[in-house]
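Below: one structure, written as structure tokens.
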Amino acid sequence: MAKYSTFSLACVLLYLNDVATAASINSYNGLGLTPQMGWDNWNAFACEVNEELLLGTSEKIVQLGLRDLGYKYVILDDCWSSGRAANGSLVADSKKFPNGMKHVADELHGKDLLFGMYSSAGEYTCGGYPGSLDHEDADATSFASWDVDYLKYDNCFNRGQFGTPETSFKRYKAMSDALNKTGRPIFYSLCNWGQDLTSYWGSAISNSWRISGDITASFDRPDSRCPCDEDDYDCKLPGFHCSIMNILGKAAPMGQNAGPGGWNDLDCLEVGVGSLTDDEEVAHFSMWSIVKSPLVIGADVNKLDSTSYSVYANPAVIAINQDPAGVPATRIWRKQVPQVDGNGKGEIQLWSGPLDNGDQVVALLNGASIPMTMTAKVDDIFIDSDEVSVSSWIAYDLWANRLANSTASSIVQGGSLDYSKYYNATELPYASGLAKNDSRLLGQPVANVSIKSPLSAYVPAHGVALYRLKKA
Ligand SMILES: *[C@@H]1O[C@H](CO)[C@@H](O)[C@H](O)[C@H]1NC(C)=O
Ligand SMILES: *[C@@H]1O[C@H](CO)[C@@H](O)[C@H](O)[C@H]1NC(C)=O
Ligand SMILES: *[C@@H]1O[C@H](CO)[C@@H](O)[C@H](O)[C@H]1NC(C)=O
Ligand SMILES: *[C@@H]1O[C@H](CO)[C@@H](O)[C@H](O)[C@H]1NC(C)=O
Ligand SMILES: *[C@@H]1O[C@H](CO)[C@@H](O)[C@H](O)[C@H]1NC(C)=O
Ligand SMILES: *[C@@H]1O[C@H](CO)[C@@H](O)[C@H](O)[C@H]1NC(C)=O
């Protein structure tokens with residue numbers, strides 16, 4: 001109570017009340033009540049797309065148990081078309097997709113997966129194929145007739161129609177309206193790189209929106225091709241080759257605009273792509289989860305190694321991402337720490353966020369290149385709450401029950417899953433599992449936390465310690 005005047009407390013209560021009722025009505029089309037999960041071919045395959053790649057990958061997604069952990073959207077990225085027919089409709093490249101797009105959708109639906117499609121709000125796509133600007137109705141009609149479930153909508157060759165929120169909004173709304181007119185529920189994912197303050201208008205017309213230039217598989221390497229630094233959330237030159245820490249910094253102030261129905265998209269996951277260390281992959285996946293970014297696998301799932309697989313397959317962390325309240329965690333503090341190898345900024349950060357059932361997620365993020373003992377005080381973790389002095393919590397380590405390397409290794413080599421131990425979100429959605437305190441979603445209790453005993457952990461370099469706090 002001490003933190004608020006009577007007046008502002010009333011405002012806070014009104015606001016919380018709004019959030020509680022908004023959860024069921026906030027989606028502009030009823031989709032995306034939790035962040036989307038799936039696979040997109042771009043990070044691993046770029047333009048090398050065809051039917052075999054999508055269907056082979058979907059097979060593997062099922063076999064690895066990833067579908068039943070929630071990764072449902074199989075998203076085809078750029079370079080799939082061969083132009084427009086005389087009547088103006090987009091045509092799928094018949095060499096790459098000999099049976100057409102509807103066939104791909106049917107096959108995916110037969111496996112209880114969903115089909116994601118790609119286009120650009122421009123004259124051309126980024127790969128130089130026909131874009132959908134001024135063809136919104138025709139293209140949305142094609143997508144719906146192919147039974148597409150999702151559209152990733154890029155920003156290349158936009159003929160200069162950007163620079164103010166109005167110009168970008170208008171361009172992206174045209175496709176939103178066109179999709180709506182088809183009558184088919186299609187998840188709409190904006191890929192306009194965060195230009196023109198997308199996070200302030202995205203939820204009115206879409207289910208998710210990118211907040212930065214394209215990600216690359218680097219933890220924190222500065223790259224001139226991603227010219228806006230991590231604090232520039234109103235970035236005019238989003239670029240590409242953005243590092244994980246760069247994108248996370250841009251996400252830090254944006255949580256307030258995301259929630260059930262519309263999400264800040266920090267771009268596809270680089271776990272299993274490039275040469276991130278295991279600690280970096282754990283940190284990347286943890287942070288994307290807690291800020292409620294979409295979780296879209298960027299790796300070649302046929303070549304996932306056991307450690308990357310066990311990152312993607314951790315239901316305790318996915319359950320944070322899929323928490324029904326959908327509140328992105330907030331960065332509470334950041335501190336520069338002494339540089340060791342001069343590579344990137346050495347910085348440690350505390351992130352914290354409320355969960356649906358009264359639990360709290362806490363991340364101690366070590367962005368420095370040496371291990372650190374990090375400590376989070378309870379009144380920092382619960383900075384927006386007034387219960388701190390009276391309560392105590394049990395901290396559950398969300399990575400403690402990660403699949404053993406030997407188990408993960410046998411699964412990626414084609415061995416069968418032990419279905420009795422594996423979490424199956426198709427059978428038991430995360431909301432139901434959480435309501436039952438399913439132990440597979442809780443990790444391992446490791447510490448008692450209160451005003452007298454702060455949360456403390458030895459955190460590896462470029463790593464994270466991630467906890468769910470439950471009231472004792
Ligand atoms: C346009 O032509 C293509 C190729 O001939 C055909 O597949 C498609 O159904 C046509 N679209 C419309 C809307 O008539
Ligand atoms: C179209 O939009 C209306 C609200 O504007 C919404 O109720 C409806 O579900 C949408 N339909 C589709 C297919 O997206
Ligand atoms: C996990 O197992 C794989 C395959 O057996 C091995 O190559 C790798 O070094 C192991 N990783 C760890 C972290 O133990
Ligand atoms: C998960 O549950 C669904 C529905 O019961 C079932 O069809 C599927 O085979 C299960 N998946 C695994 C990996 O056990
Ligand atoms: C789950 O745990 C919470 C405490 O975090 C408790 O209040 C609730 O009763 C438990 N639910 C079940 C079904 O055990
Ligand atoms: C929390 O404290 C209780 C009582 O002192 C103790 O029994 C329990 O083991 C502690 N739990 C953890 C996870 O440290």
Side-chain angles (χ1 to χ4, degrees), residues 22-33 36 73 114-117 136-137 139-151 153 169 172-190 201-208 260-262 315-316 319-320 323-325 353-362 375-376 378 381-382 385 387 390-401 428-458 465-472:
S24 52
I25 57 165
N26 205 21
S27 174
Y28 89 106
N29 59 358
L31 301 174
L33 298 183
Q36 71 268 36
Y73 288 102
L114 296 163
F115 183 28
M117 179 43 77
E136 290 85 358
D137 284 327
D139 293 356
T141 302
S142 295
F143 300 150
S145 76
W146 298 336
D147 286 352
V148 160
D149 305 296
Y150 182 108
L151 179 66
Y153 203 42
F169 176 79
Y172 280 89
K173 184 173 187 295
M175 182 54 90
S176 179
D177 291 344
L179 291 172
N180 186 277
K181 266 188 263 168
T182 69
R184 183 175 174 83
I186 297 179
F187 190 110
Y188 186 33
S189 161
L190 309 188
W201 48 264
S203 71
I205 57 162
S206 75
N207 302 112
S208 69
I320 300 291
D323 186 77
L355 301 169
D356 183 56
N357 60 359
D359 295 354
Q360 187 88 2
V361 65
V362 182
T375 301
V378 161
I381 293 171
F382 292 97
S385 157
E387 292 184 81
V390 293
S391 300
S392 57
W393 288 267
I394 299 167
Y396 289 75
D397 177 354
L398 295 177
W399 284 101
N401 293 346
L428 186 63
Y430 288 103
S432 315
L434 288 168
K436 292 184 180 171
N437 295 328
D438 188 298
S439 62
R440 292 167 296 185
L441 302 183
L442 296 184
Q444 201 66 42
V446 290
N448 289 304
V449 173
S450 69
I451 196 94
K452 291 202 195 93
S453 53
L455 183 58
S456 197
Y458 185 72
L466 185 69
Y467 302 97
R468 173 186 284 270
L469 265 50
K470 264 190 178 303
K471 259 205 187 130

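The residues of the chain are indexed from 1 along the displayed sequence. In listed order, ligands and their atoms are each counted from 1.
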Problem - Mutual orientation of the aromatic rings belonging to F187 and Y150 [parallel < 30°, tilted 30-60°, perpendicular > 60°] - result: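 Geometry flag for Y150 against F187: parallel rings.
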Handout entry: Polar proximity ligand 2 side, Y28 side, N/O cut 3.5 Å exclusive
Key =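 Among all N and O atoms of Y28, none is under 3.5 Å from an N or O of ligand 2.
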Exercise for the section: Identify the heavy atoms of I394 and P445 that sit nearest to each other, and give their distance. Expected result: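 Nearest pair, atom of I394 first, then P445: CG2-CB, 3.8 Å.
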Problem - Close-contact set for ligand 6 against A447 heavy atoms, below 4.0 Å - result: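 Taking each heavy atom of A447 in turn, ligand 6 has 13 (C), 14 (O) under 4.0 Å.
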Practice task
Salt-bridge test for D438 and K436: reply yes if a basic N is under 4.0 Å from a carboxylate O, no otherwise.
Solution key: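 Judged by the 4.0 Å cut-off on N to carboxylate O distance, D438 and K436 do not form a salt bridge.
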Handout entry: K173/D177 salt bridge by N-O under 4.0 Å criterion
Key =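 The answer is yes: the pair qualifies as a salt bridge.
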Exercise for the section: May I ask you to list the atoms of ligand 2 that are less than 4.0 angstrom from any heavy atom of G183? Expected result: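 The atoms of ligand 2 under 4.0 Å from a heavy atom of G183 are 13 (C).
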Handout entry: Numbered atoms of ligand 2 (with element) below 4.0 Å of N29, judged on heavy atoms
Key =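 Counting atoms of ligand 2 from 1, those under 4.0 Å from N29 are 14 (O).
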Handout entry: Pair F382 + W393: ring centers closer than 6.0 Å
Key =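 Centroid separation for F382 and W393: below 6.0 Å.
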Exercise for the section: Answer with yes or no whether the side chains of N29 and S27 bring together a donor and an acceptor at under 3.5 Å. Expected result: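 There is such a pair (donor and acceptor under 3.5 Å, judged by atom type) between the side chains of S27 and N29.
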Problem - Any donor-acceptor pair under 3.5 Å from D356 side chain to D323 backbone - result: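 Here the side-chain-to-backbone pair does not exist.
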Handout entry: Pairing residues for D147 by the salt bridge (charged side-chain N to carboxylate O under 4.0 Å, His left out) criterion, not counting sequence neighbours
Key =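 Testing D147 for salt bridge (charged side-chain N to carboxylate O under 4.0 Å, His left out), a comparison that skips the adjacent residues, returns K102, R184.
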Problem - Every residue of the protein that comes under 4.0 Å of ligand 5, judged on heavy atoms - result: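 Only D359, A435, N437, K470 have heavy atoms that fall under 4.0 Å of ligand 5, ordered by chain and number.
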